[in-house]
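To start, the structure under review is shown below, and the notes come after it.
Quantities reported herein were computed from a predicted structural model and do not represent experimental measurements.
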Amino acid sequence: MLLTELVTTHGAVAATRSRLRKRELLAQALRTAEPGDEVEVVAAFLSGRPRQRRTGLGWRTLARLPAPAVEPSLTPLEVDAALDRFAAFAGSGSQAARAAAVDELFSRATAHEQDFVRRLILGELRQGALDSLLLDAIAAAADVPLAVVRRAAMFSALSGPLARAALTGGEPALESFRLVPGRPVRPMLASSAPDVAAAMERFAGAPVAADTKLDGIRVQVHRDGDEVVVFTRSLDDITDRLPEVVALARSLDVRSVVLDGEALLLDDAGRPLPFQETASRTGTHEADGEGGRLPLTVRFFDVLHHDGTDLVDAPAAERLATLDRVLPPQAVVPRVVTTDPDEVATFFADTVASGNEGLVVKALDAPYAAGRRGAAWVKVKPRHTLDLVVLAVEWGSGRRRGMLSNIHLGARDPATGDFVMLGKTFKGMTDAMLTWQTERFLALETGREGHVVYVRPVQVVEIAFDGVQRSTRYPGGMALRFARVVRYRDDKTAAEADTVDAVRALR
DNA sequence: TTCCGACAGTGGGGTCGCAAT
DNA sequence: ATTGCGACCCCACTATCGGAA
């Protein structure tokens, strides 16, 4: 199989909006590939995620490519091998050698192939199909029920091996993907609700478990005998960075266990430190200077396996009972179980007052839906809002090409009368708002620099956000976390917008 | 026939490690 | 020493398709 066939498939997939048609196109490509190494690579490419997570190549490195080839000759397996070579250069210090290897690959690619491979490496395939639709395509290509493919996917971080199994061994081969302590499981994700009442409504009066949502990093901890492995949400192995978590897992009175939880830093009083502190600690390799370092805390909210028993399909109530039996109480995320919305609302207020991020409300009868953003988990977080002023706008990309999209946000500084930038946002805008703001901000334009259009600071916008974090990037030393647009406010002038002092008060 | 669950896209700030300057 | 880049932590929200109701 030639890479150019894959590029054609990619183009056809991008050209149609029908997901059924996309599925058929992807399935066709999977059937065409050699069932073995080739189909594994083809599946990975078509899911937009090559096997090699890190190649050391980003938009900057790939901005300038050599002259393309005229005739297609590359195969998917050759590209895969090249990505392996790029990955091997990471940390080797030989940038020049890597640049030469990049040149070598791209000079063998046609213009279309260059574009495809660059998008692939950058994770910007933009064909309206990623991993999830690929699972559909695998089922179609191998004529296997989708449920069987999805089941296998729970226990395989990558989808390439699923395609290989499905197309070489069919359903029985897929059924060999099971939970094995030491091998990562795709994490279950939560949908979100605006408040506790809305979250509770989704469960229609059935009892729920309301778990404290800790503001740290997600950890999946596996223990098998004395072996302990810690995975992140994206299933990277970070065992060597979290010795405290390893120690806790070893201390448990179990033979084997798979736990889902959150790691974070607490101060001496047990109050969570800002997320940035946890990110710094968990991002640092060993840093053996123990002096004065706060220990990392880990708390768990789910268990997927215990001493030979898989619990993924067990109802949450049973998993929680096992969790409470296996772990000391302080290692379990604080939780209430109830049908009463008022009780959950009170718990929410208390947990937020204690410095936590919010709650995750969970159905007690639901299994662990690995790899899915199921309705069985609903997160609720408090929301702040401010009225800020738009200082500049950036031209959008993809479906927002030709629209002014990403807005720069400023708070009024009463001392100087100027505006202090606090961050940007592109979230919360409807298509109608994008159309409106493109016209509006072009009318307010004062100048341009690259893809940024500067405007007269007169348009007020109501912004929702999760909190204020410290910033080295912005002049006020503060940035908004998860800022999104609520609405434009034409009933307020810039002079009536919120001030930097109001923002400081939220720190 | 209408409703709604699940996906993909569109980017945000911060942190680290590494290589080049 | 500082800076730029790549990778990866944390993400929210809207539009859309197609199966569910």
Working note: A:N356 + A:T212, criterion side chain to side chain donor-acceptor pair (under 3.5 Å); need CA distance, chi angles, decisive distance, verdict. CA-CA 7 Å; A:N356 294 301; A:T212 302; 5.2 Å; no
Exercise. Side chain to side chain donor-acceptor pair (under 3.5 Å) between A:D237 and A:T239: does it pass, once the steps are laid out?
Worked result: CA-CA 6 Å; A:D237 184 336; A:T239 311; 2.5 Å; yes
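We find that A:R51 and A:D80 are joined by a salt bridge, their nearest charged nitrogen and carboxylate oxygen being less than 4.0 Å apart. The pair A:R383-A:D195 does not count as a salt bridge, with every side-chain nitrogen at least 4.0 angstrom from each carboxylate oxygen. Ion pair A:R481/A:D466 not flagged as a salt bridge, since none of the NZ, NE, NH1 or NH2 atoms sits closer than 4.0 Å to an Asp/Glu carboxylate oxygen. Between A:R53 and A:D236 there is a salt bridge, since a side-chain N of the basic residue sits under 4.0 Å from a carboxylate O of the acidic one. A salt bridge does not link A:D418 to A:R412: none of the charged side-chain nitrogens sits closer than 4.0 Å to a carboxylate oxygen. Salt-bridge check for A:E262 with A:R299: failed, with every basic side-chain N at 4.0 Å or more from each acidic carboxylate O. Using a 4.0 Å cut-off between charged nitrogen and carboxylate oxygen, A:R151 and A:D313 count as a salt-bridge pair. Between A:R400 and A:D431, no side-chain nitrogen of the basic residue sits less than 4.0 Å from a carboxylate oxygen of the acidic one, so the salt-bridge criterion is not met. Using a 4.0 Å cut-off between charged side-chain N and carboxylate O, A:R440 and A:E445 make no salt bridge.
Among the heavy atoms of the strands lying under 4.0 Å from A:K424 are primed sugar atoms or P, OP1, OP2 only; no base atom is included. No contact: A:T425 has no heavy atom under 4.0 Å from any strand. Counting any heavy atom pair closer than 4.0 Å across all strands shown, A:S191 reaches no nucleic acid atom. Across all strands shown, A:T278 has no heavy atoms under 4.0 Å from either base or sugar-phosphate atoms. Within the 4.0 angstrom heavy-atom criterion, no nucleotide atom of any strand lies near A:T282. Looking at heavy-atom distances under 4.0 Å, A:A479 makes contact with sugar-phosphate atoms alone, never a base.
Contact annotation: A:R372 side-chain N/O to B:dC7 OP1/OP2 distance is under 4.0 Å. Distances shorter than 4.0 Å separate none of the side-chain N or O atoms of A:N406 from OP1 or OP2 on B:dT10. Residue A:T284 places none of its side-chain N or O atoms closer than 4.0 Å to OP1 or OP2 of B:dG17. Contact annotation: A:Q95 does not reach the phosphate of B:dA19 (side-chain N/O to OP1 or OP2, under 4.0 Å).
Of the two residues near DNA chain B, A:S280 and A:G371, the one whose nearest nucleotide lies more 5' is A:G371. When the nearest nucleotides of DNA chain C are assigned to A:A464 and A:I238 by heavy-atom distance, the more 5′-ward of the two goes with A:I238.
Looking at every heavy atom in both residues, A:L122 comes nearest to A:G58 through CD2-C, 3.4 Å.
Between A:W377 and A:F301, the angle of the ring planes goes over 60°, which puts this pair in the perpendicular group of the 30/60° scheme.
When the C1' atom of B:dG12 is taken as reference, atom CZ of A:R400 falls 12 Å away, rounded to whole Å. Rounded to whole Å, atom P of B:dG17 lies 12 Å from atom CG of A:D240. Counting to the nearest Å, the C1' atom of B:dG14 and the CZ atom of A:F482 are 10 Å from each other.
Of the residues in residues 115-146 of chain A, none has a non-hydrogen atom less than 4.0 angstrom from any atom of DNA chain C. Taking a 4.0 Å limit (strictly below) on heavy-atom distances, residues 376-392 of chain A reaches DNA chain C at A:K379, A:K381. Residues from residues 10-22 of chain A that place a heavy atom under 4.0 Å from any atom of DNA chain C, listed by number: A:R17, A:S18, A:R19, A:L20. Within residues 210-219 of chain A, the residues that place at least one heavy atom under 4.0 Å from DNA chain C are, in residue-number order, A:K213, A:G216, A:I217, A:R218.
Side-chain polar atoms of A:T16 and A:S18 form no donor-acceptor pair below 3.5 angstrom.
Residues in residues 201-222 of chain A take part in these ring-ring contact (aromatic ring centres under 6.0 Å, His included) pairs, two or more places apart or across chains: A:H222-A:F231.
Under the Watson-Crick or G-U wobble criterion, with both distances below 3.5 Å, B:dC7 has no partner in any strand shown.
For DNA chain C, the outermost nucleotides in 5' to 3' order that have an atom under 4.0 Å from a heavy atom of chain A are C:dC5 to C:dG19.
The number of heavy-atom neighbours closer than 6.0 Å to CZ of A:R183, taken from other residues, nucleotides and ligands shown, is 12 or below.
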